[in-house]
Amino acid sequence: MKINKNLKGLYLNAESIKLKDGTFLIEGRLEGSIEVECIKCLKTFKKVIDEDVKFKIVTPPYEGFDSEYDIIEMEKFDVEELLKSEIESIKNDYNICKECKEQDFNKEF
C-alpha cells in the first residue's frame, strides 16, 4: 500500500506491507523541514530533513530486535501518529544551529 502523508512540514512517501502476524513494514523517504531548538543557545531554527526510513510497526509489548528497521510499537497502525512520533524524535535530537556550530569550529584551545 502506498503512503503519502504530510504533517507539520514533513512529508512521508513510502510503501507498506502487512505481514501475516499483523506487523507492518514501511520503507520510504521522509522529507521537509521542521522547527527545532538549538541545544546550546536555545534559539529555534529550521532543520531540513531528507532521509530514507524503514519502520517495523508492531503491537506492544515487543521484545524482539531488528537491525534493519526502526521498531515502533502501536496498538493500531496510524500514519499520522507515526509522523507525530518522528517529529518528536527529531525535536528531541541533538540539534545545533549553524551559528553555534561555527563558534565551536573556530574556538581556540
Starting at [atom1] of [X], measure out to [atom2] of [Y] and round the result to the nearest 0.5 Å.
X	Y	atom1	atom2	result
Glu99	Lys40	CD	NZ	13.0 Å
Thr23	Lys56	OG1	NZ	6.0 Å
Ser85	Glu80	OG	CD	12.5 Å
Ile96	Lys98	CD1	NZ	15.0 Å
Glu15	Asn4	CD	CG	8.5 Å
Leu25	Lys18	CG	NZ	12.5 Å

*asked:* Within a 6.0 Å radius of atom NZ on Lys8, are there more than 12 heavy atoms belonging to other residues, nucleotides or ligands?
replied: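 No - once you tally the heavy atoms of other residues, nucleotides and ligands closer than 6.0 Å, there are 12 at most.
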*Decide if atom CD1 of Ile17 counts as having more than 12 heavy atoms of other residues, nucleotides or ligands within a radius under 6.0 Å.*
no
When you check the gap from the basic side-chain N to the acidic O, do [X] and [Y] get nearer than 4.0 Å?
X	Y	answer
Glu51	Arg29	no
Glu37	Lys43	no
Glu88	Lys84	no

*Kindly say whether Asn95 contributes a backbone atom to a donor-acceptor pair with the side chain of Asp93 at under 3.5 angstrom?*
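No, because the side chain of Asp93 does not come within donor-acceptor range (under 3.5 Å) of the backbone of Asn95.
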*Give the other cluster members for Ile34, using side-chain heavy-atom distances under 4.5 Å between Ile, Leu, Val, Met, Phe, Trp and Tyr residues; answer none if it is isolated.*
Met1, Ile3, Leu7, Leu10, Leu12, Phe24, Ile26, Leu30, Val36, Phe45, Ile49, Val53, Phe55, Ile57, Ile72, Met74, Phe77, Val79, Leu82, Leu83, Ile87, Ile90
*Tyr62: which other cluster members, linking ILVMFWY side chains closer than 4.5 Å, directly or transitively?*
Val58, Ile71
Kindly give the heavy-atom pair with the smallest separation between [X] and [Y], and that separation in Å.
X	Y	answer
Cys97	Cys41	SG-SG, 3.7 Å
Lys91	Glu35	CE-O, 3.6 Å
Glu75	Pro60	OE2-CG, 3.4 Å
Asn13	Tyr11	CB-CE2, 3.7 Å

_With a 4.5 Å cut-off on side-chain heavy atoms, are Asp78 and Lys76 touching?_
no
